[in-house]
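What follows is a short report on a single structure.
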Amino acid sequence: MSQSNDILEPRLVAVDSYYLSVIDERIQDLSNDSEHLAMALSAINTDDDASRGVIVAVRSALLANSELASIVSEMLSGLILLPEIKVNDYE
């Protein structure tokens, strides 16, 4: 998606709820993987301050990405649960 959200005009699109649920599962996988990698980094012990700083920075970024992915997953879940609507086909 190379377009900025500021440029996109609002429009209705047809998306199957199953497709959204598959996307949601992949996002949940990313969230879990990021969290597990962050926890794995916690097991690394080093006496080097620079290395410790890098580990903390990467761990923080992974946890932030995990949290963001969880938020996006919640947003998708909300879309999946929206009621089905009928749209007239104007050709």
Side-chain angles (χ1 to χ4, degrees):
M1 294 196 155
S2 61
Q3 284 187 314
S4 168
N5 286 340
D6 298 335
I7 300 171
L8 294 174
E9 292 189 27
R11 63 189 177 101
L12 293 176
V13 294
V15 180
D16 186 273
S17 61
Y18 176 76
Y19 184 67
L20 288 177
S21 67
V22 170
I23 294 171
D24 183 39
E25 288 175 12
R26 297 298 74 80
I27 291 171
Q28 289 176 25
D29 290 343
L30 289 171
S31 175
N32 292 336
D33 289 348
S34 293
E35 193 170 330
H36 292 147
L37 288 170
M39 293 305 134
L41 285 174
S42 298
I44 298 174
N45 290 320
T46 181
D47 294 330
D48 179 43
D49 289 338
S51 296
R52 245 192 320 250
V54 169
I55 291 169
V56 168
V58 171
R59 187 173 182 274
S60 296
L62 286 167
L63 289 172
N65 285 340
S66 176
E67 179 65 24
L68 179 60
S70 294
I71 291 168
V72 171
S73 177
E74 288 175 18
M75 294 166 69
L76 269 176
S77 293
L79 289 175
I80 293 167
L81 297 175
L82 286 175
E84 184 177 339
I85 60 170
K86 275 268 198 209
V87 177
N88 295 330
D89 187 17
Y90 297 105
E91 290 186 34

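None of the values given here were measured: they were computed from a predicted structure. All values below were derived from every heavy atom in this structure, side-chain atoms included, with hydrogens, water molecules and symmetry-related copies excluded.
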So how far is it from [X] [atom1] to [Y] [atom2], rounded to the nearest 0.5 Å?
{"X": "Glu35", "Y": "Leu62", "atom1": "CD", "atom2": "CG", "result": "10.5 Å"}
{"X": "Asn45", "Y": "Ser51", "atom1": "CG", "atom2": "OG", "result": "12.0 Å"}
{"X": "Ser21", "Y": "Leu81", "atom1": "OG", "atom2": "CG", "result": "10.5 Å"}
{"X": "Asp33", "Y": "Ser66", "atom1": "CG", "atom2": "OG", "result": "9.5 Å"}
{"X": "Leu79", "Y": "Leu20", "atom1": "CG", "atom2": "CG", "result": "6.0 Å"}
{"X": "Arg52", "Y": "Asp47", "atom1": "CZ", "atom2": "CG", "result": "6.5 Å"}

Derivation and outcome, side chain to side chain donor-acceptor pair (under 3.5 Å), residues Asp24 and Gln28: CA-CA 6 Å; Asp24 183 39; Gln28 289 176 25; 3.0 Å; yes
Closest heavy-atom contact between Ala69 and Ile27?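 Scanning both residues completely, I find the closest heavy atoms to be O-CG2, 3.1 Å.
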Check Ser34 against Asn65 and note the closest heavy-atom contact, atom names and distance.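 That closest heavy-atom pairing would be OG-CB, 4.3 Å.
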Group every Ile, Leu, Val, Met, Phe, Trp and Tyr by side-chain heavy-atom contacts under 4.5 Å, then state whether [X] and [Y] land in the same group.
{"X": "Ile23", "Y": "Val15", "result": "yes"}
{"X": "Val72", "Y": "Leu82", "result": "yes"}
{"X": "Leu37", "Y": "Val56", "result": "no"}
{"X": "Leu41", "Y": "Met39", "result": "no"}

CE of Met75: more than 12 outside heavy atoms within 6.0 angstrom?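 No, CE of Met75 has 12 or fewer neighbouring heavy atoms, counting only those of other groups under 6.0 Å.
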